[in-house]
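Note that these values count all heavy atoms, side chains included, but never hydrogens, waters or copies made by symmetry.
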Amino acid sequence: MNYKLKLVILFEALLGATLLLSKCTDTSTETAESPSELSQSSAFVANPTVVEEQPVGKLTIGDEAPPFELPGIDGGFHSLDDYADADVLVINFTCNHCPTAQAYEDRFIQVVEDYKDEKVAFVAISSNSPIAILPEELGYTDLSDTFEEMKIRAKDKSYNFPYLYDGDTHAFSLAYGPTATPHVFVFDKDRKLSYSGRIDSSEKPGTANAEDLRNAIDLTLTGQDLPEGTAQTPSFGCSMKWAWKNDYTIKTNKAWDEKEVNIEKLSPSGLAELLKNDSGQLLLVNFWATWCGPCIIEYPEFVTIQRMYGQRDFQFASVSMDSPAQVDKALKFLKGKSSALPNYIMDTEDKYEVIDVVGNEWDGSLPITLLIEPGGNVAYRVSGTIDAHELKKEIVDNPLIGRYY
């Protein structure tokens, strides 16, 4: 190949590369995405924020449904217009943690299933602010009301409806004005409110079948008004956790942090008595040590668990396997974690004597956690680091605790 031909080939190659690069980088002729399109195309990250107190709306019969555009646990954004084809739209303001909301979950799921062949759309919205919820308010649940925990609850219960989040600033929920969880709103084809209130009048599972909601849907489908006095009913349940209602949360957390923390030496025979659990309560015991990395990382979860279930038939106790001479070191750690609960340190250097008391199922490694029913039966055992969510489920689903009043 002669020299001139080589130059021609090289020039064409460079020209082609330049054009290709220009095509990849020059977007001047393309249509830019709008801010809303960009926000919907990227993954939503919740950011619950304290806001100034705002007026809470109160819809009356005949009012139009306020518009909304909210992230769902399915990864997309949902708006009021998305359900324009439905003759009836049901919006259920609910949440994860409320025992009343949990008591109505199966009924609401069944209603959605029963109307799947009708032109009825169902949406659930959690408008609670996670920062306004104390551990002490989670005694009937394994989950709080964060966006990520909404995904877990929806999966656990196989939700058959969109579950949307409005817990950052309540940007849209305030216009609806739910008073408690759950609170349902039923809108007709023109998105005028036809019913607002309870799902039915009996909270306990198995005692009702969502009669009020079903009646509202049926009458709305046929274009009929609900009888006077039945179109708006009280909505019994947990109060809404608005983002400005966190003063009490701050005060309670501060009071817990200021509680006195102590540690008591425990003999092997005393440990045996503890594990017999003659308390009549569900007892959670964690064996740990200050030199055990996984132990100290997971320990704050146990304090949270005590705060969650401590007002029920439940007690957590910590047992340090540090040397008795290191009691001050163990106490310092416990104070740093606000462990204001029964704390023990074994008063023997003989670790195998302690292992013998606990039982052959323990290989001696730390941490180990036991959930003990009254009478000493170990209902749940974790050798190694706990899965905090799984442990909470074991606690709340134990017959001694339960999810409902």
Using a strict 4.0 Å threshold on nitrogen-to-oxygen distance, state whether [X] and [Y] make a salt bridge.
{"X": "Arg403", "Y": "Asp142", "answer": "yes"}
{"X": "Arg214", "Y": "Glu211", "answer": "no"}
{"X": "Glu149", "Y": "Arg153", "answer": "no"}
{"X": "Asp145", "Y": "Lys241", "answer": "no"}
{"X": "Arg307", "Y": "Glu136", "answer": "yes"}

Distance-only donor-acceptor check, side chains Asp347 and Ser267, under 3.5 Å: no

Donor-acceptor side-chain pairing of Ser279 and Asn277 below 3.5 angstrom: yes

Does [Y] offer a backbone N or O that forms a donor-acceptor pair with the side chain of [X] under 3.5 Å?
{"X": "Lys351", "Y": "Met321", "result": "yes"}
{"X": "Asn246", "Y": "Thr249", "result": "no"}
{"X": "Thr230", "Y": "Leu226", "result": "no"}
{"X": "Lys189", "Y": "Ala84", "result": "yes"}
{"X": "Ser158", "Y": "Ala154", "result": "no"}
{"X": "Arg312", "Y": "Met308", "result": "no"}

Looking at [atom1] of [X] and [atom2] of [Y], how far apart are the two atoms once the value is rounded to the nearest 0.5 Å?
{"X": "Leu89", "Y": "Asp82", "atom1": "CG", "atom2": "CG", "value": "10.5 Å"}
{"X": "Leu134", "Y": "Asn253", "atom1": "CG", "atom2": "CG", "value": "5.5 Å"}
{"X": "Lys392", "Y": "Thr141", "atom1": "NZ", "atom2": "OG1", "value": "9.0 Å"}
{"X": "Glu301", "Y": "Asn286", "atom1": "CD", "atom2": "CG", "value": "11.5 Å"}
{"X": "Phe302", "Y": "Glu298", "atom1": "CZ", "atom2": "CD", "value": "4.5 Å"}
{"X": "Tyr195", "Y": "Leu213", "atom1": "OH", "atom2": "CG", "value": "7.5 Å"}

side-chain hydrogen bond (donor to acceptor under 3.5 Å, both in side chains) between Thr222 and Gln224, worked out: CA-CA 6 Å; Thr222 58; Gln224 301 179 64; 2.8 Å; yes

Does atom [atom1] of [X] have more than 12 heavy-atom neighbours from other groups under 6.0 Å away?
{"X": "Glu349", "atom1": "CD", "answer": "yes"}
{"X": "Asp225", "atom1": "CG", "answer": "no"}
{"X": "Lys157", "atom1": "NZ", "answer": "yes"}
{"X": "Asp363", "atom1": "CG", "answer": "yes"}
{"X": "Asn377", "atom1": "CG", "answer": "yes"}
{"X": "Lys332", "atom1": "NZ", "answer": "no"}

Step-by-step salt bridge (charged side-chain N to carboxylate O under 4.0 Å, His left out) determination, Lys329 to Asp322: CA-CA 9 Å; Lys329 182 180 180 182; Asp322 286 288; 5.6 Å; no

Is the ring centre of [X] less than 6.0 Å from the ring centre of [Y]?
{"X": "His183", "Y": "Phe185", "answer": "yes"}
{"X": "Phe316", "Y": "Tyr309", "answer": "no"}
{"X": "Tyr404", "Y": "Tyr140", "answer": "no"}
{"X": "Phe287", "Y": "Trp362", "answer": "yes"}
{"X": "Tyr104", "Y": "Phe108", "answer": "no"}

Specify the closest pair of heavy atoms between [X] and [Y], including all atoms of both residues, with the distance to one decimal.
{"X": "Asp188", "Y": "Asp190", "value": "OD1-N, 3.0 Å"}
{"X": "Ala317", "Y": "Leu283", "value": "CB-CD1, 4.4 Å"}
{"X": "Pro130", "Y": "Gly167", "value": "CD-O, 3.9 Å"}
{"X": "Ser144", "Y": "Leu138", "value": "CB-CD1, 3.9 Å"}
{"X": "Ser239", "Y": "Asn128", "value": "O-OD1, 4.5 Å"}
{"X": "Ala289", "Y": "Ile296", "value": "O-CG2, 3.9 Å"}

Verdict with supporting geometry, Glu394 and Asn398, side-chain hydrogen bond (donor to acceptor under 3.5 Å, both in side chains): CA-CA 6 Å; Glu394 289 290 335; Asn398 188 282; over 6 Å; no

Would you say that [X] contacts [Y] through its side chain, given a criterion of any heavy-atom pair below 4.5 Å between the two side chains?
{"X": "Ile305", "Y": "Leu284", "value": "yes"}
{"X": "Tyr176", "Y": "Ile125", "value": "no"}
{"X": "Phe147", "Y": "Lys151", "value": "yes"}
{"X": "Asp313", "Y": "Leu282", "value": "no"}
{"X": "Phe314", "Y": "Ile395", "value": "yes"}
{"X": "Val184", "Y": "Ser196", "value": "no"}
{"X": "Thr181", "Y": "His97", "value": "no"}

SG proximity flag Cys295/Cys292, limit 2.5 angstrom: yes

Ring geometry between His78 and Tyr83 (parallel below 30°, tilted from 30 to 60°, perpendicular above 60°): parallel

Trp242 and Trp244 aromatic ring geometry - parallel, tilted or perpendicular at 30°/60° bounds: parallel

